[in-house]
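All remarks here apply to the structure that follows.
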Amino acid sequence: MPYKLFDVDKDIPERKKHTYVKDNADPTEDIPACNTKTVPGCMTERGCAFAGVKGVITGAIKDVAHVVHSPVGCTFYGYGSKRYPTSQDMPDGSKFPIENFNLKYIVGTNLTESDVVFGGMKKLRQTILETAKEFPEANAIYTYSTCTVGLIGDDMDAVAKELSEELGKDVVAFNAPGFSGPTQSKGHHVANHTLFDNLVGTREPLETTPYDVNLIGEYNIDGDLWVIKSYFDEMGIRILSSFSGDSTHDEICWMHRAKLSLVRCQRSATYIADLIEQKYGVPYMKVDFFGPRYCAENLRAVGKYFGLEDKAEKVIESRMKDIKPQLEFYKEKLKGKKVWVFSGGPKNWHFPRPLEEELGMEVIAVSTMFEHEDGYEKIKERVDEGTIIFDDPNSLEMEEIIEKYKPDLMLSGIKEKYLAHKMGVPCILIHSYENGPYIGFEGFLNLTKDIYAAVYNPVWNMLEFEYETEGGIEEMSMEETEEEVAK
Amino acid sequence: MPYKLFDVDKDIPERKKHTYVKDNADPTEDIPACNTKTVPGCMTERGCAFAGVKGVITGAIKDVAHVVHSPVGCTFYGYGSKRYPTSQDMPDGSKFPIENFNLKYIVGTNLTESDVVFGGMKKLRQTILETAKEFPEANAIYTYSTCTVGLIGDDMDAVAKELSEELGKDVVAFNAPGFSGPTQSKGHHVANHTLFDNLVGTREPLETTPYDVNLIGEYNIDGDLWVIKSYFDEMGIRILSSFSGDSTHDEICWMHRAKLSLVRCQRSATYIADLIEQKYGVPYMKVDFFGPRYCAENLRAVGKYFGLEDKAEKVIESRMKDIKPQLEFYKEKLKGKKVWVFSGGPKNWHFPRPLEEELGMEVIAVSTMFEHEDGYEKIKERVDEGTIIFDDPNSLEMEEIIEKYKPDLMLSGIKEKYLAHKMGVPCILIHSYENGPYIGFEGFLNLTKDIYAAVYNPVWNMLEFEYETEGGIEEMSMEETEEEVAK
Amino acid sequence: MIKENQEVDGLHKNFAVINPCRFCQPMGALQALLGVKGAMPLIHGSQGCSTYMRFQLCRHYREPINVASTSMSEGTVVYGGEANLLKALKTICNEYEPSLIGVTSSCLTETIGDDMSAIIKKFKESYIENSDGKCIDVCADVEVSGEDADNTIPEVSIHDLPIIPISTPSYAGSHVEGYDRTIKALVEALAQKFSENGDNGKVNIVMGTVSPADVEEIKDILETLKCGNIILTDTSESLNAPSTGDVSFFPCEGTGLDEIRDSANSRGTISLCKHADSGALLLENRYGVPSFSLPMPVGLKNTDEFIGCLTTLMELETSKKLERDRGILIDAIVDAHSYNYGRKVAIYGDPDFVAGMAQFVSELGMIPSVLCTGVSSQRFIEDIKCMNHETGSEPTVLAGGDLYDLHENIKEGDIELLIGNSYGVRVAKEENIPLVRLGFPIYDRLGAQRVPVLGYRAGTHLVDLLTNTIIENYYDFEGEINVP
Amino acid sequence: MIKENQEVDGLHKNFAVINPCRFCQPMGALQALLGVKGAMPLIHGSQGCSTYMRFQLCRHYREPINVASTSMSEGTVVYGGEANLLKALKTICNEYEPSLIGVTSSCLTETIGDDMSAIIKKFKESYIENSDGKCIDVCADVEVSGEDADNTIPEVSIHDLPIIPISTPSYAGSHVEGYDRTIKALVEALAQKFSENGDNGKVNIVMGTVSPADVEEIKDILETLKCGNIILTDTSESLNAPSTGDVSFFPCEGTGLDEIRDSANSRGTISLCKHADSGALLLENRYGVPSFSLPMPVGLKNTDEFIGCLTTLMELETSKKLERDRGILIDAIVDAHSYNYGRKVAIYGDPDFVAGMAQFVSELGMIPSVLCTGVSSQRFIEDIKCMNHETGSEPTVLAGGDLYDLHENIKEGDIELLIGNSYGVRVAKEENIPLVRLGFPIYDRLGAQRVPVLGYRAGTHLVDLLTNTIIENYYDFEGEINVP
């Protein structure tokens, strides 16, 4: 019986099939149930489809204005979302006039009661026009459906089409109301298809080289993209289009011209790589740059594809020389520490092996909030027997895991972080990071340092009030007194 | 009987002769007794002679290292003293390498018990040598006697002379131990004579012009000097030497080459103007740039001396145009407000008339801590009948003045400020300033704004807890309730 | 100049909201419910709502925040949310065993028109208490096998468990209304008059959307006055909790249900947030408990008004400690004045906060110059007009504005200080104005939950904070000021 | 690396002190005396001493500070200071009517060798109480005419007025010794055993040179533990006084003389400043009151030690509130850790402050890297060595250093945070390191007297302060941190 019901789940037995304990004897298809609706009332960590579109994928593009077609709430919640910085560099060598434009502004249509009754299309139209006026520098306007809009049935595509012509710049509608699909993963899917259907193939790059790649599913969290880019630069590989970290609207439009697509986050962005391959014949390769071994292997694979093996080796060698001695130090310290990885999707299978191999840690549990079957298969492949793999944990399950299995560390997001902290378990942010970037060689060292510091936080030794009396202070002190007085 | 004994002074009747109430019928020589020893145990606001040298005069020079020959205390207290900024501009057009060097460092000999017993000359010598090594950019080293040194009898002049030769740069000793004289004024005197005796005439300026002046007794508090300098620049007058705001060591050395000396603070610096006139024949003029009228009059006088009357008028006109309408506004607001001026010396006769004429205020009391007879004569000349003029107030007298005469404003120093504040009287800092500069036309406007703001501080209307019940809130509220319930 | 959103030509835009300055109603509901001991908030909507709000709350308070969701999805939307709500109630009752469930609606469920009261009634009516105290038969779509039974008895029987529907449509009003409606819903559902002329000798205090530290300050004041009280609602401990090794999935401290019940017997209700006095008015109208809507007690005058109202109502003498705290505040204001006077300030946030803070900075001699609240409130505009009348200042007032309007209006003036939540940092940086972080959310600093602004003592710390920010930015002269 | 001034080759200089990091002894005496209710400090020396020190105290506390002087001058120096001291005592007794006079010496009067005890004795002996309770005949140089007589009776008869000589030569030690000697002189002169085995059920606490807010925190802790206490000395109100319209010329609140007298009957004395335990040792040796010299209770471990010592000594249970405060401090440290760990810190100031703060920043995961105190103290060096042993850190220790040494040693390292008084701002600016202002004096910010560091609660605010300084300077990424 590889499935396990948490003690706390006695009254929601349907949770059992979401919790799998790895047994090497099990057939491959034994994985947790996933990508299904959350049990109502369960304290899920999942988000909604709108978050999947704007929060994950489109929000990372540097030169686009975002219009959320929603009551004020969704607009606020979509504002200043993920920590994906952008440079001001544009593909033609110019500078985008506003720094971190993608983080600085969000526009909303501020739907009110009457819009719910009479429809919000007019308001959407006017808001997009105002957006174009207020942000003339924006090279495109993306607009997003939300729950209310999904219900009242505004035809956002029609508005987008009309205004694209009127404004002379792309206006793209993303139809993923919050209630679509069981998780934010639905939003990734919509974003991929919408961007592909509307944009890919509509523009031609300024120039092409034989070493042009699409870097897909890399959102530049804390500068991850720039780490990869530095490796590629040294290898002579050019990122023609990034999807979508530090990207531009135009880059999305000419993705069809790359020689190869590399898919980093295979949960949120394999869709578009597939579509581009199908329609334009650009092959893609799934890559993993987390942890030194995977990073090296994948750099070699990319190098091999382009006949740049030597250059890949050089990059690997130079970086490994720097980090290896340090990793050895930390491995000595972290050996045997138990860790629970709880990420959105792919980081759950990016991290377990590196943590075990490079740092000697023991991955006791892996959980995700929006992974699908293929992801769980990879997770299962990469963890040891006995590891608990569970889908869409609720808060009581999280408490049980911590109480029963006593991890020394948790890797997760901010909503879970303070639960762990309250229970005396350090937690490293793994969606955004603590002191990132975490990708690549030096990034893994950053992660390692954060882990080391968190695990060895001196305060863990001070949780209990302790006072050593050393045989009774009063007595001792009085003796001294008597001695002194006797002198 | 023009002299008055404060009620609080019944047990120190010797204070009576220090307190004079102006009567127009009195002969000129009726002024408060001054420049005499403070009654021991009286809470005087006076400082010591060392403060008079370093804190007032030499500390303003930008390129000199200061060595206090003292136990650690005096060195600390002499550190970061008055708020006199310096530019990095040197007379030869170069830049002094350290910004505000005069405020940044102080050196001490750190005298200890054995030095008190065996003498501190060796230590002084070594400290000066170290100072020269640590601050090679310093163009001279000034060293100061203090109480302990005055008692143990170290021959600082001998050390200074020897090291001047050894180091090839001027080392100057100032022999004004804290206990010399009744106030810091003794220190001003020593500083003037020491600088004159040791430096004036020892260097020649790089060039001279027919419009070279010494600006004496202007220490650049909050940038006052730079205000005057801007007027002079427009008039074509050059400050050859400043004594000593934003000055350099060399400037002091070539003061004998000016065409005219202008004495701004006539308490602390008339000495050197006198000495220069006597020895080198450079005439001097006493000037007052506080308040628009005095400032205009004195600019005219200086202009006249150099045949630059027109240019003086231009300066006056342009500045008056700016400030006049504003001053009129404030005068309307400040009319009749009572003010007590308590400054070190000359500001006590710089400010009363401007406050009365320009702002319509009533000067009810003037007091100083180190003024001499000549200063008191000027004060008396410039205040109205009935004004109390008193010397070296103690804290109880200050309380009595506030309680009995209820000034609306006090102008004084920081030690007195919080006493006034506790008693509900606003206080403007007049040694250093609140939002200076205060000199010249625009400076007087600054002062006026500070006064206006202080007098009209909204909190003065909120000192008492007040709560308007408007006929009883409970009742009112309950009525409303009944009405509502009745609906 | 008063500028109301979408009503004035002066604004660049008439439709778009850019960088909003308010949340939606359910967020306010959470802020209220997180101060009720044992309460579990349940948002009836898409799970994005609870996740987004938990995220905002977590990063501000740096505490675990638990908010359940009915996880509405495509399929269920079509048929209405009844099944999801029933199931969610069941799950919560069985799994978490709270002392109260506050069910808030969302734009989704308001749009589809779910009747939450009816569904809750159905849940309670059709609820079958089986031998082990769990509810199992309500939701037809779930099969429960025998092995999953549990013998734990919930602390509160589900029959008696208050399940309170709170209508908080996200497309109307803001979190401020959401807070207000929640307080009202709580007292409406729970308050009971115990006897005809009963008087528990206590005062009810409606806190508004303030920080836990503010609640603590108000409780300290009430304690020093020895004034019995019922705080609606008390987040002081739940949102600033110690590390103990344990975690709680709802507030383990806060206002007790018995206290809310008893609120009908209090001598009066003081709302420290004028926009959250509906609960107080209900208590007044239904139970005759007089209601007083006061300005947020920030600074001298507003705190005086609170203390005056409180001591008059409760027939108390003011305490020596309070007098001392007031005197220290005055002392600080006086000493600070030369740095502060004439400084132009922009303030944004919730309407009562902005109005209270505008009054306070006026007391410091500063000039409130741009005042922005995301809420389109006439009451706010009246407050500011009234303040203008007294202080002579004439701020630009953005009622129903956003941070983009704020920024545009700041570009026009010579603002020297910005007061508001973390979202203003971009305006602050672009215009090179220091930002004093107050309000919600503050996600880029630690300890926001420990910064109070209410009462004299907090006022003094605020004087220090504001003045030191001014000094840091406008006075540093080699780090020296006022050296005589 | 331990560098003691004038003993180590590593320092650039062997003689000069550049930008000192300590005051002279009389300053410490004032800091102690300003916490004694009704005490008037009198510095027997040149009037510059009292003026300079008042200036430093005024601008830090922003309070009127009164310190009398014997105003020694050229003439009187030659003949010794007897006449001046006698006259000063007379003036003070008649004019100010304090409850105690603390007479401190200075470098001047120590150098000329005045025997202050003898002069005070002479003052008291030759004091003639005339009909109106004033002393008039002591000082031969003053004529008093009949009209100047006054009928006011001083509150304390001059016969009974404690006039306490305190030897504080400025050329030895520092203000820390001055503080220590003053506490010792106070208990030496005043403490009395009321009965053989008497026990007043109280604990004596020697505060050290801390802020008024620190005294308040310690008093709060003692109150929550319901622990009777005698604070030596209590500056909490005298140096953070309200505006009342009145002014007092000596502390109108503070430790009462009766309390100091009663200190001989306490159950123990805890010195929260190891360098100020002479008074405690005197009480131990003379009256058998056990003495405990603890590290300054900054942060977790040191506060634990204080609470442990206190509760053991006084046989108390710790309070729920203290436990909560401790838990919140832990919570804050945990949440702050990812920003703070590995940050290199330089700390300067009084030895107990530096040692306590070094321990605290270690608890935050920071690395105390340069520690500088102006006091050449073996005890300090031992404390740091002991801390090094526990935490594994190896700071550069400057014992007897100055701010110039500090700066030189900072240039060598990668210091990311500076903690100390306002004088360090020039180092901070030059090296572009943020400065957290703690210690004395802080003249370029408002409210220094209201910033506590002692105990758990203050520790939490300190975590917030230090962490936010780190975030402000090293983390701001468009004002966003940790957005998942």
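A note on names: the letters A, B, ... follow the listed sequences, proteins ahead of strands, and every chain is numbered from 1.
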Task: Heavy-atom contact with chain B under 4.5 Å, split by part of S362(C) - done: backbone

Task: D304(C) side chain vs Y467(B) backbone, donor-acceptor pair below 3.5 Å - done: no

TODO: Kindly indicate whether the side chain of F465(B), heavy atoms from C-beta on, has any atom under 4.5 Å from the side chain of L300(C).
DONE: no

Open item on the list: Which residues pass the salt bridge (charged side-chain N to carboxylate O under 4.0 Å, His left out) test with E442(B), not counting sequence neighbours?
Closed with: R319(B)

Open item on the list: Give me the atom names and distance for the closest heavy-atom approach of E464(B) to R326(C).
Closed with: O-NH2, 3.4 Å

Task: ring-ring contact (aromatic ring centres under 6.0 Å, His included) contacts touching residues 313-334 of chain C (sequence neighbours left out) - done: none

Task: Enclosure of E223(C) CD (heavy-atom neighbours >12, cutoff 6.0 Å) - done: no

Task: Between NZ on residue K422(B) and CG on residue D335(C), distance to nearest 0.5 Å - done: 6.5 Å

TODO: Output the residues of residues 449-458 of chain B for which the shortest heavy-atom distance to chain C is under 4.5 Å, in residue-number order; output 'none' if no such residue exists.
DONE: K449(B), D450(B), A453(B), A454(B), N457(B), P458(B)

Open item on the list: For chain B, which candidate among T303(C), I330(C), L364(C) shows the most heavy-atom pairs at distances under 4.5 Å?
Closed with: I330(C)

TODO: Go through the atoms of D331(C) and report whether side chain, backbone, both or neither lie under 4.5 Å from a heavy atom of chain B.
DONE: side chain

TODO: Kindly state each residue pair satisfying salt bridge (charged side-chain N to carboxylate O under 4.0 Å, His left out) with at least one member in residues 292-301 of chain C, sequence neighbours excluded.
DONE: K301(C)-E390(C)

- [ ] Select one option (side chain, backbone, both, neither) describing which atoms of F306(C) are under 4.5 Å from chain B's heavy atoms.
- [x] neither

Task: Part of I428(B) within contact of chain C (heavy atom distance under 4.5 Å) - done: neither

